[in-house]
Amino acid sequence: MSSTLEYANQLLQAEKNRAGIAALTEQNPLFSTEDAYAVQLEIIKHKTGNGQMIVGKKIGLTSVAMQKLLGVDEPDYGHLLNEMVVENGGELPFGKVMQPKVEGEIAFILKEDLKGPNVTALDVVLATDYVLPALEIVDSRVKDWKIKLQDTIADNASCGQYVLGGKPVTLDQVDLSQLGMVLMKNGEIVNTGVGAAVMGHPANCVAWLANKLSEYDISLKAGEVILSGALSAAVNAEPGDTFTAKLAHLGEVSVRFSS
């Protein structure tokens, strides 16, 4: 069995058993970002082969703070699958996650395909049908979140679930770089953010993604959901917690973790 398959199976079993594994970079100090994306694609291949569908992509590590934390100078990405969707205002059983954290984001819904290289932020704006407020529930199959960049990439960019809310807003109605966000946990404000926090403008994140994916001959498809990156730090979630993100002009989105 190749190391790619072996590592993919470790992460799949960790998710199934809800028991974190040792970081792949601990197991193999030579584990590279290229190796990590190969593992991620193997996991996605397994899941789509078992009936799940790719419905979009997510971008991670878009803020300078998070990049410095992991010692990197560019974002990463993961795949969104249909089984990751949670209804706005709905409940997520805590038994479906392992060590979740919640982030407030802006979701782009595309009306046209985007294929790199050389995609610009303007191309993204023109290809976007509308945007929505979103919560991303990040999760890690690596024990205690002891991860490096390669570990989160292999683990599908630490994807867990996501929630879309609010009302569709077209990009001619709002300046995303100036858009403010408030994230609340159990009715208390836990952090705030602004669109400019993610690479200057969320559309820059989507352009980066389209260009990065072109290295793997993957394009962003019309109708896909693109989570453009956390506007502020991720917040730990426990059973019984309710999270709400309120984004100026976009409305709000919420989820509750049941026990």
Side-chain angles (χ1 to χ4, degrees), residues 56-70 72-78 80 88 101-138 157 162-184 189-214 219-220 222-235 243-254:
K57 310 289 190 303
K58 66 151 283 186
I59 310 163
L61 307 178
T62 50
S63 71
V64 173
M66 283 302 297
Q67 290 179 16
K68 284 184 176 177
L69 188 66
L70 290 184
V72 298
D73 59 3
E74 71 172 25
D76 69 349
Y77 78 88
L80 301 179
N88 184 22
K101 301 173 184 284
V102 179
E103 302 172 338
E105 308 196 9
I106 297 167
F108 286 66
I109 313 299
L110 300 181
K111 62 183 177 182
E112 297 174 10
D113 292 0
L114 280 171
K115 179 78 181 282
N118 305 317
V119 170
T120 66
L122 178 59
D123 295 329
V124 171
V125 170
L126 294 174
T128 297
D129 194 6
Y130 55 89
V131 291
L132 293 169
L135 290 174
E136 184 184 358
I137 299 147
V138 293
Y162 70 95
V163 192
L164 300 179
K167 60 185 188 298
V169 173
T170 55
L171 291 182
D172 59 352
Q173 296 177 284
V174 61
D175 179 358
L176 293 186
S177 67
Q178 299 300 313
L179 186 147
M181 185 272 304
V182 173
L183 182 64
M184 306 181 76
I189 295 175
V190 283
N191 59 32
T192 60
V194 65
V198 287
M199 298 176 69
H201 191 291
N204 291 329
C205 303
V206 182
W208 173 87
L209 177 62
N211 294 327
K212 181 68 176 180
L213 287 173
S214 71
S219 61
L220 303 180
E224 283 194 331
V225 176
I226 311 298
L227 297 182
S228 59
L231 299 179
S232 59
V235 179
F243 286 84
T244 302
K246 298 182 178 182
L247 285 83
H249 311 295
L250 300 189
E252 62 182 62
V253 55
S254 67

How many angstroms lie between atom [atom1] of [X] and atom [atom2] of [Y], to the nearest 0.5 angstrom?
X      : Y      : atom1 : atom2 : result
His201 : Gln178 : NE2   : CD    : 9.0 Å
Glu105 : Leu183 : CD    : CG    : 10.5 Å
Leu247 : Leu176 : CG    : CG    : 9.5 Å
Leu213 : Lys57  : CG    : NZ    : 6.0 Å
Leu209 : Asn204 : CG    : CG    : 12.5 Å

If you count every heavy atom of other residues, nucleotides or ligands that lies below 6.0 Å from Lys101 atom NZ, does the total exceed 12? yes
Apply side chain to side chain contact (heavy atoms under 4.5 Å, CB included) to Thr62 and Trp208, showing your working. CA-CA 10 Å; Thr62 50; Trp208 173 87; over 6 Å; no
Report yes if the side chains of [X] and [Y] come closer than 4.5 Å at any heavy-atom pair, otherwise no.
X      : Y      : value
Val138 : Lys58  : yes
Asp113 : Lys115 : no
Leu231 : Val198 : yes
Ser219 : Leu114 : no
Val194 : Leu179 : no
Leu220 : Phe108 : no
Lys212 : Pro75  : no
Leu132 : Pro168 : yes

Within the side chain of [X], is there an N or O that forms a donor-acceptor pair under 3.5 Å with the backbone of [Y]?
X      : Y      : result
Ser228 : Cys205 : no
Asp76  : Ile59  : no
Asn191 : Ser232 : no

Have Asn211 and Ser214 got a donor and an acceptor in their side chains that come within less than 3.5 Å? no
Can you list everything that forms a ring pair (Phe, Tyr, Trp, His ring centres under 6.0 Å) with Tyr77? Sequence neighbours excluded, please. Tyr37, His79
Hits for side chain to side chain contact (heavy atoms under 4.5 Å, CB included) against Val182, two or more places apart or cross-chain, chain-then-number order -> Met184, Ile189, Thr192
